[in-house]
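Counting convention: from 1, in listed order, for ligands and their atoms alike.
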Amino acid sequence: MHRAGLVVWNVLNELKQMVRPGLTTMDFENYAERRVKEQGARPAFKGYRGYPCVLCTSVNGEVVHGIPSPKRRIEQGDILSLDFGAELEGYYGDAAVTVPVGTISPELERLLRVTRESLDKAIEQARPGNRLTDISHAVQSWVESHGYSVVRELVGHGIGTRMHEDLQLPNYGEPGRGPRLREGMTLAIEPMVNAGGPAIRILDDEWTAVTADGSYSAHFEHTVAITADGPWILTRPREIQGPSW
Ligand code: MF3
Ligand code: CO
């Protein structure tokens with residue numbers, strides 16, 4: 001899983017560095033498709049329940065599952081979520097990051113920071129002996145204490161030899177509920193945070209989730225293993241420590 005995760009991290013990092021005003025979301029799709037194949041891995045999203053692309057690109061008020069398009073040009077001041085998954089030798093990695101396009105407003109900088117921090121807080125709870133909703137609660141309390149809201153309809157998930165495995169991981173809830181976390185469990189932790197209200201709707205393309213009130217939304221994700229030594233972020237190199245993204 002770590003090897004699959006490193007492919008995901010490599011691709012997302014390269015995509016992050018490409019980001020600039022004037023590119024279309026399809027430019028990122030094309031790059032990701034080429035790079036995942038060069039690394040001998042298979043893109044995990046394309047064909048999954050009929051999803052048409054290897055990448056999800058969600059801009060501004062799009063929460064997740066934005067479909068890349070040659071018509072969607074990103075502009076200075078936008079925020080862009082890049083979500084990518086790969087399978088290598090039967091094992092999966094899944095991660096996402098939201099990045100500024102050029103210079104963004106201080107309000108948007110804060111939304112990105114608080115969402116990334118909510119992922120940091122969540123990962124910190126991914127330890128043997130804790131319960132599943134300790135992770136959920138860590139996200140919700142951090143996000144809501146900063147005046148933002150957590151999306152309810154979409155959740156994190158178990159991951160391993162399939163992209164989506166049994167455990168569903170809400171980004172809200174009371175602590176101390178749900179299954180006990182054990183060594184060897186692997187989870188995709190993925191807070192989705194709206195600057196306005198929590199409600200979302202799905203566009204007519206049947207994929208793109210957008211905020212119901214048109215507010216901005218951010219999304220960060222990592223695949224994490226629960227180990228006796230604490231959380232191990234599988235979707236980045238071991239030598240990188242500190243904040244999740
Ligand atoms: N990171 C998303 C998830 O965990 C990506 C899924 S997009 C899909 O659900 F097309 F593959 F469904
Ligand atoms: Co995921």
Side-chain angles (χ1 to χ4, degrees), residues 1-2 4-13 15-16 25-26 28-29 32-33 36 41-59 62-69 72 79-88 91-99 115-116 118-119 122-123 126 132 135-136 139 150-172 185-194 200 202-210 217-226 231-236 244-245:
M1 284 185 72
H2 192 212
L6 290 177
V7 172
V8 172
W9 189 86
N10 286 336
V11 170
L12 283 176
N13 258 281
L15 294 174
K16 260 174 83 176
T25 52
M26 188 57 83
F28 297 94
E29 164 73 12
E33 184 158 38
V36 69
R42 188 185 68 81
F45 297 176
K46 195 169 186 168
Y48 182 88
R49 296 172 170 239
Y51 186 73
C53 292
V54 308
L55 191 68
C56 299
T57 50
S58 309
V59 184
E62 297 169 359
V63 180
V64 288
H65 303 164
I67 302 173
S69 160
R72 186 68 164 99
I79 56 172
L80 169 66
S81 155
L82 300 160
D83 186 353
F84 181 68
E87 181 239 304
L88 186 69
Y91 292 90
Y92 284 79
D94 183 8
V97 61
T98 304
V99 290
T115 308
R116 192 263 299 154
S118 78
L119 176 58
I123 291 170
L132 188 72
I135 300 175
S136 314
V139 173
V150 155
V151 172
R152 312 291 160 138
E153 291 90 339
L154 300 162
V155 296
H157 48 95
I159 179 171
T161 54
R162 287 177 294 137
M163 180 167 68
H164 291 147
E165 297 193 346
D166 269 350
L167 281 187
Q168 294 198 19
L169 173 57
N171 290 304
Y172 63 95
M185 285 180 159
T186 46
L187 293 169
I189 306 178
E190 48 180 319
M192 289 152 264
V193 174
N194 297 348
I200 61 166
I202 308 296
L203 298 185
D204 286 339
D205 64 18
E206 291 178 358
W207 280 101
T208 313
V210 300
S217 187
H219 176 216
F220 286 77
E221 176 176 19
H222 270 303
T223 297
V224 178
I226 292 162
W232 175 10
I233 298 178
L234 297 172
T235 36
R236 75 174 181 187
S244 57
W245 275 104

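- For Glu190, the N, O or S atom closest to the Co ion (ligand 2) goes by the atom name OE2.
- Between the Co ion (ligand 2) and His164 there is no N/O/S contact shorter than 2.8 Å.
- In this structure, His222 has its ring center under 6.0 Å from that of Trp245.
- Using a cut-off of 2.8 Å, one finds that Glu221 contributes an N/O/S atom close to the Co ion (ligand 2).
- The neighbour count for Gln168 CD, taken as heavy atoms of other residues, nucleotides or ligands under 6.0 Å away, does not exceed 12.
- The backbone N or O of Met26 lies less than 3.5 Å from no partner atom in the side chain of Glu29, so there is not a single donor-acceptor pair.
- Seen from the Co ion (ligand 2), atom OD2 on Asp94 and atom NE2 on His157 lie at an angle near 90° (rounded to 10 degrees).
- The backbone N or O of Val150 lies less than 3.5 Å from a partner atom in the side chain of Arg152, making a donor-acceptor pair.
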Which protein N or O atoms sit under 3.5 Å from any N or O of ligand 1? Give atom names and distances.
residue: ligand 1; atom: 1 (N); partner: Asp83; partner atom: OD1; Å: 3.0
residue: ligand 1; atom: 1 (N); partner: Asp83; partner atom: OD2; Å: 2.8
residue: ligand 1; atom: 1 (N); partner: Asp94; partner atom: OD1; Å: 3.0
residue: ligand 1; atom: 1 (N); partner: Asp94; partner atom: OD2; Å: 3.2
residue: ligand 1; atom: 1 (N); partner: Glu221; partner atom: OE1; Å: 3.1
residue: ligand 1; atom: 4 (O); partner: Asp94; partner atom: OD2; Å: 2.9
residue: ligand 1; atom: 4 (O); partner: His157; partner atom: NE2; Å: 2.7
residue: ligand 1; atom: 4 (O); partner: His164; partner atom: NE2; Å: 3.3
residue: ligand 1; atom: 4 (O); partner: Glu190; partner atom: OE2; Å: 3.0
residue: ligand 1; atom: 9 (O); partner: His164; partner atom: NE2; Å: 2.9

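- A donor-acceptor pair is defined here as one N or O able to donate and one able to accept, closer than 3.5 Å; such a pair exists between the side chain of Thr235 and the backbone of Thr223.
- Distance alone, capped at 3.5 Å, places no donor-acceptor pair between the Ser217 side chain and the Glu62 backbone.
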Sequence neighbours left out, cut at 3.5 Å: what donor-acceptor pairs do the side chains of residues 41-50 make with other protein atoms?
residue: Arg42; atom: NE; partner: Glu87; partner atom: OE1; Å: 2.7
residue: Arg42; atom: NH2; partner: Glu87; partner atom: OE1; Å: 3.4
residue: Arg42; atom: NH2; partner: Tyr92; partner atom: OH; Å: 2.8
residue: Lys46; atom: NZ; partner: Glu33; partner atom: OE2; Å: 3.1
residue: Tyr48; atom: OH; partner: His164; partner atom: ND1; Å: 2.5

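- Side chain of His219 to backbone of Val63: no donor-acceptor contact under 3.5 angstrom is found.
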